[in-house]
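Report on the structure given below.
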Amino acid sequence: VIEEVERLREEIEYHNYRYYVLNDPVITDEEYDKLMRRLIELERMYPELVTPDSPTQRVGGKVLEGFKTVKHSVPMLSLDNTYNEEEILEFDRRVKKTLQEAEVEYVAELKIDGVSIALRYENGKFVLGATRGDGIEGEDVSENVKTVRSIPLRLRKLVTVEVRGEIYMPVDEFKRLNDEREEEGLPPFANPRNAAAGTLRQLNTALVAARRLDSFIYYVVHPENYGLKTQWEALQFLKELGFKVNPHSKLCKNIQEVIDYWREWKERKKELDYWVDGVVVKVNRFDFQRILGETSKAPRWAIAFKFPA
Ligand SMILES: COc1nc2nc(N)nc(N)c2nc1C
């Protein structure tokens, strides 16, 4: 039975990955449900076989007392903001001056308007999901994070790693939820970020599972431990591990390409089914990031290039 349970878990998580991360399922929903029903049945018959990272934990059902506080392994920083091209050129000048470099590559990533999240995995298994909190410590929202289908419970490589990203509520889910709240005489959420934050703070995990939260992961903690030399390599590494990584990130040869990217997405953002409030611009090479360092609240090697409100 243990073999069957283990095989079922691998198979279910694989199909979950294909559907929610690759958006490219290879079995029907009915076949998927059949596998899941079989696993739920076996875990009911043999409760001692249940593991915290079993796909059955994704459907929720626990009502928590509260959230434990958890200390971040390294502080979760925020970002300085810029709102216009002149300021982003100034950022580039500062970076080049400090680095004494004539040209610096950047990675431009859409800034998703969601909730920051830190995810820890031990030997490829999900062990913790924590909110940013005050940057030094956050809330352990692991049970709720497990219900976010695009967040893997098992990585495709059995590494011990912490990653960070954004949990967000897709726009069409936000609209559906507000319609539902209106019918129930509840006040609507002001925007998808509040809806995602409010959902993650729910103590009833089944309620979280009933709402379609999604994720984009963009950061590897201690990337040097995995032989990664640049942010661009880190994004590829995250994809290889099985995370959902935003497909629109761009490796920019210089700051002009960053500005072109920002102009392009200022117009194109309405095509997206999630809210973005700007572009995060990051110096690509990690050795340069280490030279630039960070202030008490934000890295000097990254900046949020916001869209006009
Ligand atoms: C390096 O620190 C960060 N990187 C980020 N990257 C993206 N794409 N979006 C964010 N919201 C973000 N936020 C922070 C603090």
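First listed ligand is number 1; within each ligand, the first listed atom is number 1. Quick caveat, the model's predicted, so the values are computed rather than measured. Below, each value reflects all heavy atoms present in this structure, side chains not excepted, and no hydrogens, waters or symmetry copies.
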Which is it for [X] and ligand 1 at heavy atoms under 4.0 Å: side chain, backbone, both or neither?
| X | result |
| --- | --- |
| Lys282 | side chain |
| Leu110 | backbone |
| Glu166 | side chain |

May I ask you to identify the nearest protein heavy atom to [atom], giving residue, atom name and distance to one decimal place in Å?
| atom | result |
| --- | --- |
| atom 1 (C) of ligand 1 | Trp301 CH2, 3.6 Å |
| atom 5 (C) of ligand 1 | Tyr218 CE1, 3.3 Å |
| atom 2 (O) of ligand 1 | Leu79 CD2, 4.0 Å |

Next item on the list: Please say whether Glu109 places an N or O atom under 3.5 Å from an N or O atom belonging to ligand 1.
Entry: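 Yes; the residue has a nitrogen or oxygen that sits under 3.5 Å from a nitrogen or oxygen of the ligand.
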Are any of the side-chain heavy atoms of [X] and [Y] separated by less than 4.5 Å?
| X | Y | result |
| --- | --- | --- |
| Glu162 | His222 | no |
| Lys34 | Thr28 | no |
| Val221 | Val161 | no |
| Lys125 | Asn123 | no |
| Thr205 | Gln57 | no |
| Glu233 | Tyr226 | no |

Notebook entry, point to check: Looking at ligand 1, does Ile112 have a heavy atom less than 4.0 Å from it?
Noted result: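 No, Ile112 has no heavy atom closer than 4.0 Å to ligand 1.
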Check: By number and element, which atoms of ligand 1 are closer than 4.0 Å to a non-hydrogen atom of Leu77?
Finding: 15 (C)
Next item on the list: Is it possible for you to say whether Leu203 and Val59 belong to one hydrophobic cluster, with membership spreading through side-chain heavy-atom contacts below 4.5 Å?
Entry: no
